[in-house]
J.: 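After the structure tokens below, expect a handful of questions from me.
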Amino acid sequence: MITATQAAAITTGTWDPNGPTLAVYDPATDELVGVVPQMSATEVLQSIEASIVAQQQWRETTGLERSKVLQRFGELMRDQEDRLAKLLTHEQGKPLSEALGEIRYAASFLEWSAGEARRIYGETIPAPRANQRILVLKQPIGVTAAITPWNFPSAMITRKLGPALAAGCSMIVKPAELTPLSAIALLELAEMAGLPSGVFTVVTGVPETVGNAIMTHPAVRMMSFTGSTAVGKMLIEKAAHHVMRLGLELGGHAPFIVFDDADLDQAVKAAVACKFRNAGQTCICANRFLVQRSIVEQFTERLAGEVDRLRVGHGLAEGTHIGPLINDRAVEKVTLHIEDALNHGAELVTGGTVLSPDNLTSRFMAPTILSGVTPNMRIFREETFGPVAPITAFDHETEAISLANASDYGLAAYFFTQNASRLMRVAEQLEYGIIGANDGAPSTAEAPFGGMKQSGLGREGGHHAMDEYLEVKYVSWRI
Ligand code: ADP
């Protein structure tokens, strides 16, 4: 098990490993950022054993006690936001301002959960028999685990860890192998906040080895995963073995609809934020811009004006808006989507090239706009995960909705209109779990984040998140 002292050494590069390690590189420079343990299945098992023991005590604490630890944990993240953000930018690549935003967003899940820890209410239900009483209890599900992605190395952990700890569960976190340092940095803060050892553990190593050790252990009662739909489907199969509860936040393919009655300033501003944040590597990023034909030229021109102002560079360089993509595979996929669209008749409005600014690696994509995109192109169906805005024109509201819903995914959808009746009508018809109505940045700790269709199962955030980590038990009491 990685201790808090070891965690401090790992994140500051002073750790002296005595076993196999995994290296973490800066995607912008290929410089070594740090090394983390490459745990064997036996070592993962030891962490699970520690988690089982720790959960037995943690579940006995009061909601108030857990609340205080979570509140302090969140405060410590905020106190150390500069250090945490720099580490995040180094291992993930996003601009420092965005990394700072992520650390604050991550802390907000701990703070929100601190409140929820005190509000795990049961129920009494009127019984059908005169001598019967029915009490509903909510209890922690037990030992839980999380497998998290590299695009939000800090926030995707606290979004799961916060409600798990608030509910009285322990949690074993397997961070993405590309960005484990931000996860390990949290271990130190958890101990400083007063979290007993073993309640939160981090396991690092080869994904299959670590994942299998977790998924096959009967004591792990719940797994919360954020990542690709392909890995999510594989985890569903593995979970069947012990009927493990799953929370899945998988891929997305968000439509971004602009009606001709939209406030265009608002729509263009939101489009830039929604599409180009984290170089387009977020699961709720717009992946299809559907724009009413009468305003499509105007919208495209204005969006291009804003996009041409975005600066590409190292995330730690002053004024950078767009950092590198996470790895070469990501660059290949984005390039493929652009080429496929152009081969099928789309037009390049701006961008389209791979860059290596300031002699950095060749993992930087120029922010790109494509017009004349049609449903037969890959970019219209597959998640791009890059800074590319594909624009498709539509004529009528019904056409926009059917184009928007023509996806296997159902995570986030955005639309812009100043017509109140249309706003409600469209919001109700979109088959997506998160709707940004005149809003390009809907995520917040207070709201239930999650998707429909192949975008996942369950919700994170809001009071809804607590249910994922609680068992419902009823007591039928004869008097
Ligand atoms: P991406 O393709 O965007 O990297 P993944 O779904 O592969 O997304 O990764 C999300 C998380 O799933 C990461 O923590 C990764 O290590 C983990 N993962 C990938 N493959 C497996 C596996 N076979 N078993 C368990 N976890 C896995």
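Whatever order the structure lists them in is the order used to number ligands and atoms, beginning at 1.
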J.: Pick from Ser113, Pro140, Pro163: which one makes a side chain to side chain contact (heavy atoms under 4.5 Å, CB included) with Tyr469?
T.: Pro163
J.: What protein heavy atom is closest to atom 1 (P) of ligand 1, reported as residue, atom name and distance in Å?
T.: Trp150 NE1, 3.8 Å
J.: Could you list the atoms of ligand 1 found under 4.0 angstrom from a heavy atom of Gly211?
T.: 25 (C)
J.: Can you confirm, on distance only, whether ligand 1 has an N/O atom lying under 3.5 Å from any N/O atom belonging to Lys174?
T.: yes
J.: Using a plain distance cutoff, I'd like to know if Thr148 has any nitrogen or oxygen under 3.5 Å from a nitrogen or oxygen of ligand 1.
T.: yes
J.: Checking side chain to side chain contact (heavy atoms under 4.5 Å, CB included) for the pair Trp58/Arg66: CA distance, chi angles, key distance, verdict?
T.: CA-CA 8 Å; Trp58 185 243; Arg66 296 195 295 276; 3.5 Å; yes
J.: Take atom 9 (O) of ligand 1 and look for protein heavy atoms under 4.0 Å from it; say yes if you find one, no if not.
T.: no
J.: Fit a plane to each ring of Phe200 and Phe73, take the angle between them on a 0 to 90° scale, and name the class: parallel (under 30°), tilted (30 to 60°) or perpendicular (over 60°).
T.: tilted
J.: Tell me the contacting part of Met234 for ligand 1: side chain, backbone, both, or neither, using a 4.0 Å heavy-atom threshold, strictly below.
T.: side chain
J.: Give me the residue, atom name and distance of the protein heavy atom closest to atom 19 (C) of ligand 1.
T.: Val231 CG2, 3.8 Å
J.: By number and element, which atoms of ligand 1 are closer than 4.0 Å to a non-hydrogen atom of Glu177?
T.: 15 (C), 16 (O)
J.: Identify, for atom 25 (C) of ligand 1, the protein heavy atom at the shortest distance, and state residue, atom and that distance.
T.: Pro207 O, 3.5 Å
J.: Do we get Lys94 above Phe152's six-membered ring, with its NZ or CZ under 6.0 Å from the centre and within 45° of the axis?
T.: yes
J.: Which bit of Phe385 is near ligand 1, meaning a heavy atom under 4.0 Å away: side chain, backbone, both or neither?
T.: neither
J.: Please indicate whether Lys333 has more than 12 foreign heavy atoms, meaning atoms of other residues, nucleotides or ligands, lying under 6.0 Å from its NZ.
T.: yes
J.: Show your reasoning for whether side-chain hydrogen bond (donor to acceptor under 3.5 Å, both in side chains) applies to Thr384 and Asn287.
T.: CA-CA 7 Å; Thr384 309; Asn287 214 132; 3.0 Å; yes
J.: Using heavy atoms and a threshold below 4.0 Å, how should the contact between Asn151 and ligand 1 be classified: side chain, backbone, both, or neither?
T.: neither
J.: Evaluate the ring planes of Phe416 and Phe256, with Trp represented by its six-membered ring, and classify them as parallel (under 30°), tilted (30 to 60°) or perpendicular (over 60°).
T.: parallel
J.: Glu208 heavy atoms, cut-off 4.0 Å: which ligand 1 atoms fall inside?
T.: 23 (N)
J.: Apply side chain to side chain contact (heavy atoms under 4.5 Å, CB included) to residues Asp467 and Arg459 and explain how you reach the verdict.
T.: CA-CA 9 Å; Asp467 293 336; Arg459 294 294 180 266; over 6 Å; no
J.: Look at atom 26 (N) of ligand 1 and say which protein heavy atom is nearest, naming residue and atom and giving the distance to 0.1 Å.
T.: Ile147 CD1, 3.8 Å
J.: For atom 6 (O) of ligand 1, what's the nearest protein heavy atom and its distance?
T.: Ser228 OG, 2.6 Å
J.: Does the side chain to side chain contact (heavy atoms under 4.5 Å, CB included) test come out yes or no for Val210 and Thr204, once each step is laid out?
T.: CA-CA 7 Å; Val210 177; Thr204 51; over 6 Å; no
